[in-house]
Amino acid sequence: MVKEMNNYRADFPILNQRVNDEALVYLDNAATSQKPKQVIEAIVNYYQRDNANVHRGVHTLAERATAQFEAVRQKVATFINAPSSQEIVYTKGTTEALNWVARSYGDQFVKAGDEIVISYAEHHSNLVPWQQLAQRVGAKLKYLELTTDGEVDLEKAAATITTKTKIVAVNQASNVLGIVNPIKQLAQLAHKNGAIIVVDGAQGAPHMPTDVQALGADFYAFSGHKLLAPTGIGILWGKGELLEAMSPLEFGGEMIDWVELDKSSFKKAPLKFEGGTQNIEGVVGLGAAIDYLNKVGMDKIVAKEH
Ligand SMILES: Cc1ncc(COP(=O)(O)O)c(C=O)c1O
């Protein structure tokens, strides 16, 4: 196993340098991971061979770029076991994905007096958007207690998540403590009370096989750059009916279906959320990163970590 991992080191060109007279050892992967040459080359190839805007041209390059853009959507769906690629929305990253859920789903479905439940161990991007939502609509933000190990305390959670709860938002794995939360049980508690569960997978997706259906999640967000892909690309997965119920947040090219002088209609999800020219090179890089991780094997990665 160790030998195998040493071979992977050679795939990361940035590690081939000395810092302070020592071979570079990079341990800041929770902040952002380094990129293997397969990801870098996929982006270079894309620009050297296929670069064009997606979904708006009928020439050869536009067709190639669009085909890659949509093939990665399917690749992501398979990677997290989403039922459909049409439930995969490209975002800038976890932060944008969580903000979109709070802004769009939250503003529509959370009312004054309702409750939003998060844990005491959330990243700012899974805390502040809910604080802001609570302030906008007059809802109450409540916190799940932790055990002494730093995990969400399930016994206490049963008293915190009630029929007043509309959204439970919790990380799958903590960026501070590394603990993995009992998402399945929290999802059951949320659903029993008529709430949805939003999972911050920023530190989950890079570290273990992800199955959004087995988790029982309603929304799942992660960032490409923490799993070997470029910065500026991330994913929001949501159940089809929830994405359909959400209004788009950015209006412009590509997300519209029909435009008249005084009104417009919008495409269905996921395209209705993807206004304007997208981070196509980021999507291509994300596809290459997923190929790389699949080749190594997420099950091997989690075993090596343990
Ligand atoms: C648990 C967790 N959630 C969310 C984020 C935000 O990710 P991004 O900055 O890529 O949007 C991070 C980043 O460190 C994180 O660790």
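The structure displayed is predicted, hence computed values, not measured ones. One-based numbering, in listed order, for ligands and for the atoms of each.
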Undergrad: Would you mind reporting whether H124 and T95 have side-chain heavy atoms less than 4.5 Å apart?
TA: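 No, every pair of side-chain atoms sits at 4.5 Å or beyond.
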
Undergrad: Below a 4.0 angstrom heavy-atom separation, can you tell me which part of H225, side chain or backbone, both or neither, approaches ligand 1?
TA: side chain

Undergrad: Can you tell me which residue and heavy atom of the protein come closest to atom 4 (C) of ligand 1, and the distance to 0.1 Å?
TA: S125 OG, 3.1 Å

Undergrad: Run the numbers for me: atoms of ligand 1, each under 4.0 Å from some heavy atom of S223, listed by number.
TA: 7 (O), 8 (P), 10 (O), 11 (O)

Undergrad: Walk me through it: do R56 and E254 pass the test salt bridge (Lys or Arg N to Asp or Glu O under 4.0 Å)?
TA: CA-CA 8 Å; R56 34 178 105 169; E254 241 18 79; 3.0 Å; yes

Undergrad: Please could you name the atoms of ligand 1 that T94 approaches to less than 4.0 Å, counting only its heavy atoms?
TA: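 Those atoms are 4 (C), 7 (O), 11 (O).
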
Undergrad: Of the protein's non-hydrogen atoms, which lies at the shortest distance from atom 16 (O) of ligand 1, and what is that distance?
TA: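 Nearest protein contact, heavy atoms only, for atom 16 (O) of ligand 1 is Q203 NE2, 2.7 Å.
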
Undergrad: Knowing that exactly one of L144, D153, V152, V168 qualifies, which makes a side chain to side chain contact (heavy atoms under 4.5 Å, CB included) with T160?
TA: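 Of all the options given, the one that passes is L144.
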
Undergrad: Measure from the ring center of Y90 to the ring center of F69 and say whether it is less than 6.0 Å.
TA: yes

Undergrad: Any pair with a residue in residues 219-249 that passes ring-ring contact (aromatic ring centres under 6.0 Å, His included), sequence neighbours left out, goes on the list, sorted by first then second residue, please.
TA: Y105-F219

Undergrad: Can you report which non-hydrogen protein atom sits closest to atom 11 (O) of ligand 1, along with the distance?
TA: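 Looking only at protein heavy atoms, the one closest to atom 11 (O) of ligand 1 is T95 OG1, 2.6 Å.
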
Undergrad: Considering only protein heavy atoms, which is closest to atom 15 (C) of ligand 1, and at what distance to one decimal place?
TA: H123 CD2, 3.3 Å

Undergrad: In the hydrophobic clustering (ILVMFWY, side-chain contacts below 4.5 Å, transitive), which residues join V180, or is it alone?
TA: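 M208, V302, listed by chain and number.
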
Undergrad: Which residue holds the protein heavy atom closest to atom 1 (C) of ligand 1, what is that atom called, and what is the gap in Å?
TA: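 Result: D200 OD2, 3.4 Å.
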
Undergrad: Kindly identify the option in H124, K226, E96, E122 whose heavy atom sits closest to atom 13 (C) of ligand 1.
TA: K226

Undergrad: Within ligand 1, which atoms have a heavy atom of A202 less than 4.0 Å away?
TA: 2 (C), 3 (N), 4 (C), 5 (C), 12 (C), 15 (C)

Undergrad: Side-chain contact test, heavy atoms from C-beta onward, threshold under 4.5 Å: evaluate it for P270 versus I88 and give yes or no.
TA: no

